[in-house]
Student: 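I am attaching a structure below and will ask some questions about it afterwards.
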Protein chains: 2
Amino acid sequence: MTLNNNMNYKSEKEFLNQYDAKEFESPLVTVDLCIFTLIENDLKVLMVKRSSFPEKGKLALPGGFIDLNSDSSIEETALRKLLNKTGVKSPYLEQVSTIGNKSRDPRGWSVTTLYFALLPYVDVIGANEFGDEVKWLSMEDVAINSMAFDHKELIHLARKRLSNKVSYTDIGFHVLPQKFTLSQLQKAFEILMDHKLEKKSFRRRMMAADLVQELDEVSAERGRPAALYQAKSKQPYFFARSL
Amino acid sequence: MTLNNNMNYKSEKEFLNQYDAKEFESPLVTVDLCIFTLIENDLKVLMVKRSSFPEKGKLALPGGFIDLNSDSSIEETALRKLLNKTGVKSPYLEQVSTIGNKSRDPRGWSVTTLYFALLPYVDVIGANEFGDEVKWLSMEDVAINSMAFDHKELIHLARKRLSNKVSYTDIGFHVLPQKFTLSQLQKAFEILMDHKLEKKSFRRRMMAADLVQELDEVSAERGRPAALYQAKSKQPYFFARSL
DNA sequence: CTTATATGTGGCATAGTGCCACTATATCAG
DNA sequence: CTGATATAGTGGCACTATGCCACATATAAG
């Protein structure tokens with residue numbers, strides 16, 4: 001489609017008067033979110049049970065259409081959806097990819113921009129917009145559930161991006177509460193990356209990267225009490241080779 | 001926009017009959033390409049001079065609307081555009097990001113999915129679809145040219161992704177001809193990354209990564225003749241720390 | 001007081017990197 | 001033929017980060 005190319009309007013104004021966006025054939029555009037958190041050392045994704053057709057009753061990612069009147073960008077759409085479902089205003093949010101083709105939605109050509117978010121655990125029951133059923137689904141159970149549209153693939157896309165990015169950035173901090181022990185931090189990184197880490201090496205790198213601030217408190221559960229830390233002002237990268 | 005959420009159709013079929021995509025308010029969707037190549041050790045981007053409103057006469061990235069009838073995915077749209085402008089069928093092509101907001105196009109809310117491509121140099125004069133002026137613009141000159149829409153920002157986005165990705169993958173090979181010397185390869189990487197490299201370290205890593213195949217030919221210009229190499233079957237990553 | 005459990009450190013062998021001087025092989029000028 | 005110049009390619013060492021794992025430390029439970 002190169003509708004513009006062969007035309008020769010006398011002025012831009014005339015063009016704008018004569019045409020508006022709705023005259024171009026455009027696909028449906030949605031924004032979908034893959035919201036991750038950690039609950040008791042188990043990685044979870046937020047899912048919604050669809051209450052309407054198509055795909056009624058199936059699990060789907062939270063998301064939906066852009067509100068052309070109130071949203072001024074697609075990031076805003078994503079943040080609005082996130083706030084609706086979780087009550088969280090400022091998560092870690094990153095665009096993963098945009099998938100567009102004519103087969104993913106039974107209604108025809110459709111395009112979705114996928115985001116993923118990282119949050120510390122929040123209770124989500126009843127936090128939803130229209131009484132749709134919203135719940136944290138364990139990543140282990142993603143495989144065994146039937147899902148709407150291509151949302152299972154979307155989850156895998158987001159999951160891959162997550163694992164990868166956690167290994168060379170500090171985004172993993174976002175699933176933890178304010179205060180944490182280095183063991184908790186390591187465990188979180190391991191789960192997010194799906195990869196075991198060496199205790200000494202991990203601590204050495206964390207210290208070298210200067211990403212954490214030791215506090216004067218300790219967390220005592222079993223065994224020797226662990227020092228509590230908090231995240232320092234985040235830096236984009238800390239160049240770990242393979243964590 | 002959650003048009004689906006409160007409805008309660010009796011069946012999916014009824015839903016599909018009653019509604020089709022055009023009833024939802026959707027933004028304009030385009031695909032834009034940032035096509036890079038190297039000409040005489042100078043990084044170039046392919047630009048088109050717009051022959052119609054809006055932004056008539058300004059430089060713009062090649063791109064345009066999805067053809068809902070012939071394209072079956074947005075990647076296909078991108079490849080079609082690329083083929084139109086350059087005649088190249090199988091470049092390195094990667095999705096960078098999707099930008100959507102209500103201010104980037106004077107016609108209103110619009111969404112574009114940005115791709116970048118890497119090619120060995122091809123002559124592009126006259127290769128275009130509708131007689132639009134198409135040319136390779138030096139990256140040095142991007143700053144001093146006025147550009148349509150937010151395309152200057154799109155170029156910067158693509159440029160950043162390119163620099164970054166070249167440093168930990170082998171995509172840099174795609175701007176070179178089949179046969180090349182290690183010095184040419186290093187120079188290409190340096191330009192793409194915008195970062196000087198150490199000769200010995202570079203060669204050591206290339207060899208260790210087993211990405212190149214030495215040939216029985218040499219390239220003689222000035223000085224000692226250099227061995228020619230060709231790329232081996234590409235692997236996704238070769239884990240260079242900082243090249 | 002012993003055991004279980006978890007935190008935190010010491011220290012070494014190994015591998016990858018930056019650095020740069022040095023060698024090798026061509027062309028070109030006179 | 002000779003020496004200057006230019007580029008290709010290597011030798012080798014100091015430095016740093018990593019993996020590994022044993023050991024020391026600190027608490028609770030029995």
Side-chain angles (χ1 to χ4, degrees), chain A residues 40-41 166-170 172 176-177 179-191 193-230 235 237-243, chain B residues 38 40-41 166-170 172 176-177 179-191 193-231 235 237-243:
Chain A
E40 287 169 10
N41 289 334
V166 166
S167 72
Y168 64 94
T169 68
D170 62 0
L176 290 176
K179 298 174 183 179
F180 48 82
T181 68
L182 289 185
S183 296
Q184 285 165 7
L185 184 64
Q186 180 180 340
K187 192 71 191 168
F189 271 68
E190 288 178 343
I191 294 168
M193 293 170 59
D194 193 26
H195 185 293
K196 274 273 181 194
L197 299 174
E198 238 290 319
K199 183 170 55 167
K200 186 66 189 296
S201 305
F202 179 77
R203 293 165 111 92
R204 220 172 6 202
R205 274 195 298 268
M206 276 300 149
M207 291 325 195
D210 195 35
L211 286 172
V212 289
Q213 169 78 56
E214 187 167 356
L215 301 173
D216 275 338
E217 302 168 69
V218 289
S219 159
E221 306 209 350
R222 286 177 293 284
R224 175 175 170 176
L228 281 171
Y229 289 80
Q230 65 186 12
Q235 291 154 25
Y237 293 92
F238 61 95
F239 294 114
R241 181 206 289 284
S242 65
L243 275 172
Chain B
L38 223 47
E40 288 169 10
N41 288 335
V166 166
S167 72
Y168 64 94
T169 68
D170 62 1
L176 291 177
K179 298 175 183 178
F180 49 82
T181 68
L182 288 186
S183 296
Q184 286 165 7
L185 183 65
Q186 181 179 338
K187 191 73 191 167
F189 270 70
E190 286 178 344
I191 294 169
M193 293 170 62
D194 193 26
H195 187 293
K196 274 275 181 191
L197 298 174
E198 239 289 318
K199 182 168 59 167
K200 186 65 190 295
S201 305
F202 180 76
R203 293 165 111 91
R204 222 172 4 203
R205 273 194 298 267
M206 276 301 150
M207 293 324 197
D210 195 36
L211 288 172
V212 289
Q213 169 77 55
E214 187 168 355
L215 302 174
D216 274 338
E217 302 167 67
V218 290
S219 158
E221 307 208 351
R222 288 175 293 282
R224 173 175 172 177
L228 282 171
Y229 290 80
Q230 66 184 12
Q235 291 153 26
Y237 294 92
F238 60 94
F239 293 117
R241 181 206 289 283
S242 66
L243 273 173

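Here is the naming used below: chain letters follow the sequence lines, and residue numbers restart at 1 for every chain.
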Student: Calculate the interatomic distance between B/Arg203 atom CZ and C/dG16 atom C1'; express it in whole Å.
Tutor: 18 Å
Student: Of the non-hydrogen atoms in B/Lys199 and B/Gln186, which two are nearest, and what is the gap between them?
Tutor: CA-OE1, 3.6 Å
Student: C/dG8 C1' sits how many Å from A/Met207 CE, rounded?
Tutor: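 So the CE-C1' distance, A/Met207 to C/dG8, works out to 10 Å.
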Student: When you measure from the side chain of A/Gln213 to the backbone of A/Gln230, do you find a donor-acceptor pair of N or O atoms at a distance under 3.5 Å?
Tutor: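 No, the answer is negative, given that no donor and acceptor are paired below the 3.5 Å cut-off.
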Student: Using OP1 and OP2 only, check whether a side-chain N or O of B/Arg205 sits under 4.0 Å from C/dA15.
Tutor: no
Student: Quick one: which of C/dG18, D/dA8, C/dT7 gets closest to the side chain of B/Glu198?
Tutor: C/dG18
Student: Nearest whole Å is fine: how far is C/dA6 P from A/Leu228 CG?
Tutor: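 Spelled out: CG on A/Leu228 to P on C/dA6 is 17 Å.
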Student: Please find the pair of heavy atoms, one from A/Leu185 and one from A/Met206, that lie closest to each other, and give the distance.
Tutor: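 Scanning both residues, the minimum pair turns out to be CD2-SD, 3.9 Å.
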Student: Without placing hydrogens or testing angles, list every side-chain donor-acceptor pair under 3.5 Å for residues 215-223 of chain B, not counting sequence neighbours.
Tutor:
residue  : atom : partner  : partner atom : Å
B/Glu217 : OE1  : B/Lys179 : NZ           : 3.4
B/Glu217 : OE2  : B/Lys179 : NZ           : 2.8

Student: Between C1' on C/dG8 and NZ on A/Lys199, what's the gap in Å once rounded to a whole number?
Tutor: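 That distance rounds to 6 Å.
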Student: Quick one: which of C/dG18, D/dC21, D/dG19 gets closest to the side chain of A/Ser201?
Tutor: D/dG19
Student: Specify the residue among B/Ala227 and B/Gly223 whose closest nucleotide of DNA chain D lies further upstream toward the 5′ end.
Tutor: B/Gly223
Student: What is the distance, to the nearest angstrom, from the CZ atom on B/Phe180 to the P atom on D/dA8?
Tutor: 14 Å
Student: Expressed in angstrom and rounded to an integer, what is the separation of A/Glu214 atom CD from C/dG8 atom C1'?
Tutor: 11 Å
Student: Which whole-number value in Å describes the distance from B/Phe202 CZ to D/dG9 P?
Tutor: 12 Å
Student: At less than 3.5 Å, do the side-chain atoms of B/Arg204 and the base atoms of C/dG18 form a donor-acceptor pair?
Tutor: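 Counting by modelled atom types and ignoring angles, a donor-acceptor contact under 3.5 Å is found here.
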Student: Using only heavy-atom distances, decide whether a donor-acceptor pair under 3.5 angstrom links the side-chain of A/Lys200 to the base of D/dG19.
Tutor: no
Student: Testing the basics here: between B/Tyr229 and B/Met207, what is the closest heavy-atom pair and its distance to 0.1 Å?
Tutor: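 Distance-wise, the nearest heavy atoms are OH-CE, 3.4 Å.
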Student: Check every atom of D/dA26, D/dC20, C/dT5 against the side chain of A/Arg224 and return the nucleotide holding the closest atom.
Tutor: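 Ranking D/dA26, D/dC20, C/dT5 by closest atom to the A/Arg224 side chain puts D/dA26 first.
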Student: Would you kindly give the CG-to-C1' distance between B/Leu197 and C/dG16, to the nearest whole Å?
Tutor: 16 Å
Student: Classify B/Ala208 by what it touches in the nucleic acid, base, sugar-phosphate, or nothing, heavy-atom distance under 4.0 Å.
Tutor: nothing
Student: Which sits closer to the 5' end of DNA chain C, B/Ala220 or A/Thr181, going by the nucleotide each is nearest to?
Tutor: A/Thr181
